Each structure stands twice: as structure tokens, then as C-alpha cells.
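One structure is given here, and the rest of the page talks about it.
We count ligands from 1, going down the list as the structure has it; atoms in each ligand are counted the same way. As the structure is a computational prediction, the values presented were derived from the model and not from experiment.
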Amino acid sequence: MTDPFGSDQPPVVGSLDSDHIDCDIAIIGSGMGGATAAFALRDTGRRVLVIERGDFLPREEQNWSAAAVFAEKRYKNAELWYDGRTGKPFLPGVHYWVGGNTKVYGACLPRFRVEDFGAIRHPDGISPAWPFEYSEIEPYYCQAEKIYGVHGNGEGDPTAPWRSADAPYPELEHEPDLAALADSLNAQGLHPFHMPMGVDLRPDGRCIRCQTCDGYPCRLGAKNDAETRAITPALESPTVKLITRTLVKRIGTTPDGRTVTELEAVRDGRELRIRAERFILAAGAANSTALLLRSGSARHPNGLANSSMLVGTNYMVHASTFFMAVDPRRTNHVEFQKTLGINDWYLGNDREFPLGNVQMLGKLKAPMLKEARPWAPDLALKYIANHSVDLYLTTEDVPKPENRVRLDRNGKIWVDWTSNNLSSHAELLKRVTRTMKRAGYPLILTERMGIETNSHMCGTAVMGEDPGRSVIDRDCRAHDVGNLWLLDSSGFPSSAGLNPALTIAANALRVIDTGVIDG
Ligand SMILES: Cc1cc2nc3c(=O)[nH]c(=O)nc-3n(C[C@H](O)[C@H](O)[C@H](O)COP(=O)(O)OP(=O)(O)OC[C@H]3O[C@@H](n4cnc5c(N)ncnc54)[C@H](O)[C@@H]3O)c2cc1C
């Protein structure tokens with residue numbers, strides 16, 4: 001028996017003496033949900049094993065190469081998934097590394113609004129209420145902001161929710177070109193604000209405010225991602241271990257299907273069984289679903305934890321658009337662009353329906369535009385990128401049963417997805433276009449994100465009180481399986497219109513603090 005918790009064992013499991021590992025709590029996935037859970041469990045005395053299919057993402061020159069990251073897709077190492085509408089394969093925006101998708105995330109870490117936890121009406125349906133209110137998760141947002149070193153409370157954001165403590169670090173200043181844009185937005189009666197960001201810009205921090213942050217791995221380890229801020233400190237505890245390059249293929253249960261007994265995994269081609277008392281599934285919304293569906297048995301013919309038949313359904317991912325506002329006369333000198341946001345249309349205000357959030361993208365560069373405009377000469381793309389400010393428009397999408405993740409006979413992942421609330425998104429686009437033209441940018445270029453840009457995916461195993469209408473309970477425990485919790489974004493009842501990572505982390509902290517997992 002391999003005992004990774006024996007004295008003198010390294011934090012990251014090396015070679016294995018046997019095909020079995022025992023632990024108390026097994027966590028599948030080291031992304032935002034899994035890593036935060038490991039961090040929260042590090043002092044409980046429970047033997048925690050984090051199981052990650054990927055390896056450590058190397059720190060290397062290519063981390064900061066737009067060509068390597070975007071054109072060659074060097075770190076986008078997922079298998080192909082399939083589009084249920086067209087039947088075509090696509091490369092999803094999923095990254096199998098220690099730290100998961102946060103290794104390349106934009107580190108923009110807003111809280112969801114108070115209103116997001118209640119029901120909100122949209123043109124294409126209701127964004128349902130969560131089984132708890134903002135006040136219940138608020139203390140854990142504070143904790144998550146500390147763990148992920150957030151800068152700024154979202155100063156000036158007209159929709160900012162109340163908070164019981166300030167973010168640990170001050171807001172990030174806008175660079176001059178963005179400060180000028182903020183002035184123009186203010187003059188138009190809007191309320192631009194400083195986006196809360198998780199980068200290491202403490203006085204002695206490692207962040208150098210470069211252009212290669214959003215979408216890139218950080219060569220300096222200065223992005224506050226799930227590896228640097230949660231896995232690494234969690235591994236300082238002798239009771240937390242990480243095993244990499246280990247793909248969990250199936251979740252095994254007792255014959256009655258009520259209790260998980262072990263994980264069937266493969267590490268470097270070798271079969272491995274991992275036994276534990278409790279199991280946390282945090283493989284990301286689509287992969288957690290896929291694993292549940294692959295873990296069916298005679299007792300669970302439709303997949304594990306799926307008596308409701310809801311596993312895989314209600315996949316949400318936001319309606320989003322990349323937006324470039326170009327002034328051919330003005331070079332945009334900005335290095336770190338992702339400091340400004342606009343939420344004036346987030347809650348609707350003058351309209352019946354909310355429209356969404358606007359935030360800056362990391363500075364776009366020519367190789368990033370090539371995929372969307374392959375026919376355009378490189379020089380033209382370079383000129384445009386040098387003269388653009390780049391925004392990201394996000395509209396909340398509502399859960400629909402027909403938007404779902406499913407498996408085919410060969411176990412491949414299919415995504416059936418039709419975007420919704422597009423009338424609100426079109427209105428948001430219209431307003432932002434008008435605003436940016438007034439701010440002095442005559443040329444607007446936009447690109448709607450397709451099925452492969454699923455960075456904000458959530459849903460697929462909805463959280464709720466009623467076992468007939470949800471997959472997991474309010475504490476994220478599977479209704480059907482007593483010792484299985486889902487702590488990634490799969491339990492989100494709604495997608496809100498904002499970046500999900502801080503809410504994933506806060507929710508994991510909330511659940512672990514109940515003591516139901518380590519008690
Ligand atoms: C380019 C990009 C930019 C983004 N920017 C932002 C941002 O600015 N702000 C924000 O809030 N969010 C952002 N996001 C989204 C954010 O990264 C995700 O919401 C978050 O990481 C999801 O956390 P998770 O725990 O659900 O899944 P993940 O972080 O994806 O982690 C899942 C982990 O599980 C592992 N895994 C999967 N299947 C298995 C298996 N069968 N066995 C073992 N391991 C498995 C994966 O390798 C991965 O490490 C961005 C995402 C991308 C791609």
C-alpha cells in the first residue's frame with residue numbers, strides 16, 4: 001500500500017509502491033474549487049489527497065508569447081469536445097494543469113451581487129434564486145479575497161454589494177490612457193469603477209503589471225491563481241498531498257449506490273484505486289458532469305447522483321462579446337489594461353431587464369486576433385491592436401434543460417448549447433458602442449464568443465433543497481450519495497453576469513465551514 005502521508009513523504013506524490021492509496025478526503029481537481037477546498041481542510045488533521053489529471057504548468061519563455069499561447073494553444077491541453085448542434089469537434093477553453101483554468105485566468109475577482117442570489121427576470125426566462133442569500137456567503141467572500149489577495153472593493157461600482165470587511169489590498173490604479181477613458185465615461189454620466197483583481201501587487205509583490213496576464217500563465221507566479229494561493233500553501237500541511245497526472249475515470253460506490261467507496265484512476269497509464277471516507281468532486285462543470293455520467297451502475301443507470309435526471313442540464317456560460325474600440329489616431333500605451341469596469345447596466349436600472357457587465361480585457365495583440373480574422377494581414381491586425389482599447393461584455397444567461405453536457409457511446413463529451421438573453425446582449429452592445437464612440441473611438445470591432453469560449457461555464461448539477469429538482473443540496477452534497485460533494489461551479493443555480501471564480505472559492509469555504517465534510 002502506498003502511503004503518501006507517511007513521515008518523510010513529499011507533498012507531491014512521486015512513484016507509487018502499489019495500486020492503492022488510502023486517504024480520508026479525496027478531492028478530484030485542483031482548480032478554483034478543489035484547491036480552495038484543500039486549503040480550507042489543511043489544518044483539520046484529515047488526510048486530504050488532491051487528485052489532478054494535469055501536471056504543473058512549466059514556467060518558461062512561452063508563458064508570455066501571444067503566438068505560443070493563442071496561435072499555437074500551447075497550454076490548452078484538453079481533448080476535443082463536440083458541438084451538439086453542428087456535430088463538429090471543438091477545443092474547449094479548459095486547461096488541465098495544477099490550478100486548473102485559473103492558471104490562465106484574468107484574475108478579475110468580483111463578488112456576485114446581493115440580487116444575484118435572488119430570482120431575476122430576463123427576456124428568455126428566470127435566473128433562479130440560490131438556496132441561500134448573499135448574507136450567508138458574505139463572510140466567505142471576505143476569506144476568499146484574503147486567500148486570493150484581491151485588490152480593491154470595486155470602488156465606484158454602483159451595484160457593489162455590502163461587505164463586512166475591505167478587500168486586503170487597495171484598488172489598482174488605471175494607467176493614463178484608461179484614466180482618460182474613465183474621465184470620458186464619467187462625463188457621460190456613467191460610473192466606471194476599479195475592478196477587483198487578484199494579482200500580487202503588494203508593495204513587495206512579484207507582479208510587474210505586464211500585458212501578458214489575462215489568458216496567459218504567469219512566468220513570475222505573480223497571478224493569484226489556485227496553485228500559487230491555495231495548493232502551494234495547503235501542501236505545507238503534512239496532511240495534504242497532491243497527486244498529478246492522475247485521471248479519475250470512474251467513481252465507485254457500494255452496491256446500493258448510496259456511498260462512494262473509491263475512485264478508479266489512471267496515472268501514467270497505470271491503474272490506481274483511491275479509497276477515502278469522503279469525496280469532493282471539483283473537476284469543472286463539464287468534467288464533473290462527465291464523471292458522474294460515467295459512474296453509472298445497475299443502481300444508477302443514468303449516472304451517479306442522477307435520480308433527478310438533471311445531471312448535465314442547465315449548462316450556462318454567459319453571452320459574451322470581445323469588443324475593440326479603435327481610434328486610428330491614438331496609440332493605446334496601456335500595459336495592464338484590466339483595471340476598469342462598468343456596471344451601470346448590470347441590474348437593468350432604466351430597463352425592464354438587466355443587460356450585463358462590461359470590463360476590460362487584457363491588452364489584445366495581433367496573434368490573438370488572427371483566429372477571428374484569419375484573412376487579415378498581420379500588419380493590419382498589429383495596427384488595430386496598437387490603437388484599440390479592448391472590452392469584454394457579459395450578459396447573464398438563464399438555465400435551460402436543453403443546454404446540456406452529455407456523453408456519447410464512446411464516452412466523449414458533447415455540449416448542446418444555444419445562447420440565450422441575446423436581445424439584452426444586443427442592447428448592451430448598442431449602448432457600449434454608443435458610449436465608446438462618444439469617448440472618441442470611431443471604429444468598433446466585435447466578436448461574439450462561441451461554444452469553445454466556455455471559460456465561465458457553470459450549472460450542470462444544480463444546487464437546491466428539492467431532490468426532485470436539484471442534484472446537490474444547499475451544502476453541495478449529492479442528494480443521492482451521502483459522502484459526495486460538488487465544490488466547483490457545477491452547482492450554480494444561476495450564472496449571474498460576472499466572473500465566477502471568487503464565488504466558486506467562497507462557496508467552497510462556506511461548505512467546508514459547516515463541518516459536514518471533515519466532521
Ligand atoms: C482564459 C480564461 C480567463 C478567465 N478569467 C477569469 C477571470 O478573470 N475571473 C474569473 O472569475 N474567472 C475567470 N475564468 C474562469 C475561471 O478560471 C473558472 O471559473 C474557474 O477556474 C473554475 O473553477 P473550477 O474549480 O470549477 O474548475 P477548474 O479551475 O477548471 O479546475 C478543474 C480541475 O479539475 C481537473 N480535472 C478535470 N477532470 C478531471 C478528472 N477526471 N480527474 C482528475 N482531475 C480532473 C482539471 O485538470 C482542472 O485542474 C477564466 C477562464 C479562462 C479559461
Give a yes or no on whether a salt bridge exists between [X] and [Y], defined as a side-chain N under 4.0 angstrom from a carboxylate O.
X: R278; Y: D518; result: no
X: R113; Y: D157; result: yes
X: E52; Y: R245; result: no
X: E79; Y: R53; result: yes
X: R209; Y: E173; result: no

Exercise for the section: Using only heavy-atom distances, determine whether the side chains of E396 and N421 contain a donor-acceptor pair under 3.5 Å. Expected result: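 Short answer, no.
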Handout entry: Between Y75 and Y216, ring centroids under 6.0 Å
Key =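 No, the ring of Y75 stays outside the 6.0 Å limit from the ring of Y216, centre to centre.
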Handout entry: Y392 ring center within less than 6.0 Å of F322 ring center
Key =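 Between F322 and Y392, the centre distance is under 6.0 Å.
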Within the 4.0 Å heavy-atom shell around [X], which atoms of ligand 1 are there?
X: G33; answer: 25 (O)
X: T246; answer: 42 (N), 43 (C)
X: I51; answer: 43 (C), 44 (N)
X: L247; answer: 40 (C), 41 (N), 42 (N)
X: G284; answer: 26 (O), 27 (O), 32 (C)
X: Y96; answer: 46 (C), 47 (O)
X: S489; answer: 26 (O)
X: A282; answer: 32 (C), 33 (C), 34 (O)

Handout entry: Within-shell test, T503 vs ligand 1, heavy atom, strictly < 4.0 Å
Key =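 In this structure, T503 fails to qualify as a contact of ligand 1 - no heavy atom is under 4.0 Å.
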Exercise for the section: Look at ligand 1 and say whether H95 reaches it with a heavy atom at a distance under 4.0 Å. Expected result: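 H95: in contact with ligand 1 (<4.0 Å).
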Practice task
Kindly say whether E335 contributes a backbone atom to a donor-acceptor pair with the side chain of E175 at under 3.5 angstrom?
Solution key: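 Confirmed, E175 side chain pairs with E335 backbone.
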Exercise for the section: Nearest heavy atom to atom 42 (N) of ligand 1 wins, so pick from L486, I27, D488, V248. Expected result: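 Ranked by closest heavy atom to atom 42 (N) of ligand 1, first place is V248.
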Give the residue, atom name and distance (to 0.1 Å) of the protein heavy atom nearest [atom].
atom: atom 3 (C) of ligand 1; answer: Y105 CA, 3.4 Å
atom: atom 9 (N) of ligand 1; answer: C108 O, 2.8 Å
atom: atom 11 (O) of ligand 1; answer: A501 N, 2.8 Å
atom: atom 51 (C) of ligand 1; answer: S455 CB, 3.3 Å
atom: atom 29 (O) of ligand 1; answer: N101 N, 3.2 Å
atom: atom 22 (C) of ligand 1; answer: I504 CD1, 3.5 Å
atom: atom 1 (C) of ligand 1; answer: V104 O, 3.7 Å
atom: atom 47 (O) of ligand 1; answer: E52 OE2, 2.6 Å

So, regarding [X] and ligand 1 (criterion: nitrogen or oxygen to nitrogen or oxygen, under 3.5 Å), is there a contact or not?
X: R53; result: yes
X: G93; result: no
X: I28; result: no

Using heavy atoms and a threshold below 4.0 Å, how should the contact between [X] and ligand 1 be classified: side chain, backbone, both, or neither?
X: A283; value: both
X: A265; value: neither
X: V94; value: neither
X: T102; value: both

Atom of [X], atom of [Y] and distance for their closest heavy-atom approach:
X: T228; Y: G221; result: CG2-O, 3.9 Å
X: A478; Y: A305; result: CB-CB, 3.9 Å
X: L391; Y: V358; result: CD2-CG1, 3.6 Å

Exercise for the section: May I ask you to decide if the ring planes of F492 and W130 are parallel, tilted or perpendicular, using 30° and 60° as cut-offs? Expected result: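 Tilted: the ring planes of F492 and W130 meet at 30° to 60°.
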Practice task
With the side chain counted from C-beta on, respond yes when K338 and C108 share a heavy-atom pair under 4.5 Å apart, and no when they do not.
Solution key: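 A side-chain contact exists here, since the closest heavy-atom pair is under 4.5 Å.
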Handout entry: Beyond-backbone contact of V94 with M457, side-chain heavy atoms, under 4.5 angstrom
Key =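 Answer yes - side chains close enough.
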